[in-house]
2 protein chains.
Amino acid sequence: MPGPGRARAARRPTLEQVAAEAGVSRGTVSRVVNGSLEVSAKTLRLVQDAIDKLGYVPNQAARSLVTRRTDTVLLVVSESEARVFTEPFLGGLVRGLSQELATTPLQLNLMMASTARQHERVEQLVRHGHVDGVALISLHGDDPLPRNLAAAGAPVVVNGRPVIEIPGVPYVDADNLAGARAATEYLYRQGRRRIATITGPQDMCAGIDRLAGFRAALKGRRGVTRLVAQGDFGQADGERAMRELLAEDPRLDAVFAASDLMAAGALRALRAAGRGVPDDVAVVGFDDSDVARNTDPALTSVRQPVQQMGRELARLLISRISRPDQELAPVILPTELLCRESA
Amino acid sequence: MPGPGRARAARRPTLEQVAAEAGVSRGTVSRVVNGSLEVSAKTLRLVQDAIDKLGYVPNQAARSLVTRRTDTVLLVVSESEARVFTEPFLGGLVRGLSQELATTPLQLNLMMASTARQHERVEQLVRHGHVDGVALISLHGDDPLPRNLAAAGAPVVVNGRPVIEIPGVPYVDADNLAGARAATEYLYRQGRRRIATITGPQDMCAGIDRLAGFRAALKGRRGVTRLVAQGDFGQADGERAMRELLAEDPRLDAVFAASDLMAAGALRALRAAGRGVPDDVAVVGFDDSDVARNTDPALTSVRQPVQQMGRELARLLISRISRPDQELAPVILPTELLCRESA
DNA sequence: TTGAAAGCGCTAACAC
DNA sequence: GTGTTAGCGCTTTCAA
């Protein structure tokens, strides 16, 4: 049986055939293909021509078998639960990764890993050497996956600062702290003095850092009332949190929400409570998502350079693969406050 | 040189070692691993034990080399320009694909392919047999990629009905026509009689079919004014289109937009024009994206079962790979109208 | 600078 | 049923 139903096109030319065509040995062709410098100019030409003529492309499996490299990296989207991304995120990240990897022979493998079973599958894959490296995104703080993978000796990079730094696992992240601080300072400079924040989950660094940024912006300022409500990054929870804040301090005049979705929820709660935005209460979100542009009023929001984050993630991973014992510093990319109507 | 800086863990056990441990031949172990039935129960046990004891996992490269299978499928995200997905889409699709592939030995490779150069790279990859099959999403109608790939003999499936049916390339799609019809009928049943639509690009089937659905809903109805404006699925263009419609017929009382983003844009234009929604003008979108839940008023919208579309895409591709000459019918999945505040 | 040759780990055809 | 064996296409010493 020729395998389960494969009907592949005519067999592709092999090194052997190229060698015959060029009148040299297999070894020499291999050297040319792999860019070895120890080949005479004449031979090089000869082989190149043969390659072009035959349309030769190396067989990846054969190469892998001997090099023990797979030329594949794995992107693990480690969502716990049904939590989804707000728009620009997954797409932007993948686009960046893709772009950067296109300059290398590396392929991008993708796996969703929400369940424990899927996590295990990822570990298997990596342990068994099916990939050269792994990039993890959307981790919760306590996820043991990156540590395990790194312990298994695999090159690992993560998107988003881990709650506890993991030795040997570099990360790329937006400057959440600075972004949140900028947003909060913007509110303060508008003269707002009863400022609330709706935080993200405090087991994720994005949540932690954005709260820290809020605090930092207001640190040492006198005459400012600070309010904090916990959220889960989702819209419904943002709405609930806003209601609670309003109950706690009906006179609050500004809110920084750690995500656009929560900010959108807050907007609903504020409207329901009869508060005008931005006149009575100014609102700032985080992410600069599609949602931000389409609420009423449109959300002022903090933008993260998502695509560039993907690029840096790829770069980090590539370094890690090629020089596993080199120390790699985290990459923190700047954020930007985009002012729209809500603040 | 042991390859560029690899420092892989201790070499994994091979078939050979398992065979030695179990006291059988390599061939027998291979049969067990590949689930051949022609193995005695006793031998089976013996081999299984040896596998477990050694923690044996087949070497994919070696296997690939002889079977000429890669056990990899490629997902090509073929965006022209900077067009992005509205939220649930990419993530949902990938989640579905991922889920379904998890039941097979197939890996999911991802490539963004916006530029011509990238398209070429995809063709290369496929032609050179680096993947067993290809799923394409986000195609414009005139994209030659699926046809080329299919012509090269690769199993290909696409998401979204191609404008011109491609022989041998099955597709999965949401029932755009029925969805659009339901939305439009809903408006009609509310008593609206001057009904507009903002279409998607007419070189994409989603755009074409949603317009067709609009037309079908109103077909044969008397006393209904129909208005059509072209959009590009984006928000800004939705806003522009709405302004034009308003200029064309200031008394229009309903709009069906072929995307939530355009509907959101329409909402802005309507507000600017002083029209109340839904009282003066009812608005329905398409996609049930994050945006729909967060506009003011929240958008009534048509939901597509994105994750299931991903699953079906995977199923189709798997069939195509295992039985290349079997005819496969397209899969059309039902949509659902979600009523919120805007209509 | 080049050629020869030894595998990498596995499957599948064939023989027993 | 099971063992034997011939490759799959490539990289990489080792010699020349």
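Given the structure is predicted, the values throughout are model-derived calculations rather than measurements. Throughout, protein chains are lettered first and strands after them, A, B, ... in sequence-line order, and every chain is numbered starting at 1. Quick note: numbers below take in every heavy atom, side chains included, and nothing from hydrogens, waters or symmetry partners.
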> Pairing donors with acceptors under 3.5 angstrom, does anything connect the side chains of B:D71 and B:Q107?
no
> Should we count CD of B:Q326 as having more than 12 external heavy atoms under 6.0 Å?
yes
> If only side-chain N and O atoms of B:S25 are considered, is one of them under 4.0 Å from the OP1 or OP2 phosphate oxygen of D:dT2?
no
> Thinking salt bridges, do A:R315 and A:E312 make one under a 4.0 Å N-O criterion?
yes
> Taking only distance into account, with no hydrogens and no angle test, what donor-acceptor pairs under 3.5 Å do side-chain atoms of residues 152-171 of chain A form with protein atoms, sequence neighbours excluded?
unit_1, atom_1, unit_2, atom_2, d
A:R161, NE, A:D209, OD2, 3.4
A:R161, NH2, A:D209, OD1, 2.6
A:R161, NH2, A:D209, OD2, 3.4

> Has the side chain of B:R12 got a donor or acceptor atom that lies under 3.5 Å from a matching backbone atom of A:H128?
yes
> Could you go step by step and tell me if B:T72 and B:N109 meet the side-chain hydrogen bond (donor to acceptor under 3.5 Å, both in side chains) rule?
CA-CA 7 Å; B:T72 298; B:N109 249 198; 5.6 Å; no
> Base, sugar-phosphate, or nothing: which does A:S64 touch, judged by heavy atoms less than 4.0 Å apart?
nothing
> With 3.5 Å as the limit, what N/O pairs link the protein to nucleotides 7-11 of chain C?
unit_1, atom_1, unit_2, atom_2, d
C:dC8, O3', A:R68, NH2, 2.5
C:dG9, OP1, A:R68, NH2, 2.8
C:dG9, N2, B:A62, O, 3.4
C:dC10, OP1, B:Y56, OH, 2.3
C:dC10, OP1, B:N59, N, 3.2
C:dC10, OP2, B:L15, N, 2.3
C:dC10, N4, B:R26, NH2, 2.6
C:dT11, OP1, B:N34, OD1, 3.4
C:dT11, OP1, B:N34, ND2, 3.2
C:dT11, OP1, B:R63, NE, 2.8
C:dT11, OP1, B:R63, NH2, 3.3
C:dT11, OP2, B:S30, OG, 2.9
C:dT11, O4, B:R26, NH2, 3.3

> Flag the pair B:R45 and B:D49 as a salt bridge only when some basic side-chain nitrogen lies within less than 4.0 angstrom of an acidic carboxylate oxygen.
yes
> Rounding to 10°, can you tell me the angle the first-five-pair axis of the helix from C:dT1-D:dA16 to C:dC16-D:dG1 makes with its last-five-pair axis?
30°
> Cut-off 3.5 Å, side chains only: do B:H119 and B:S78 have a donor facing an acceptor?
yes
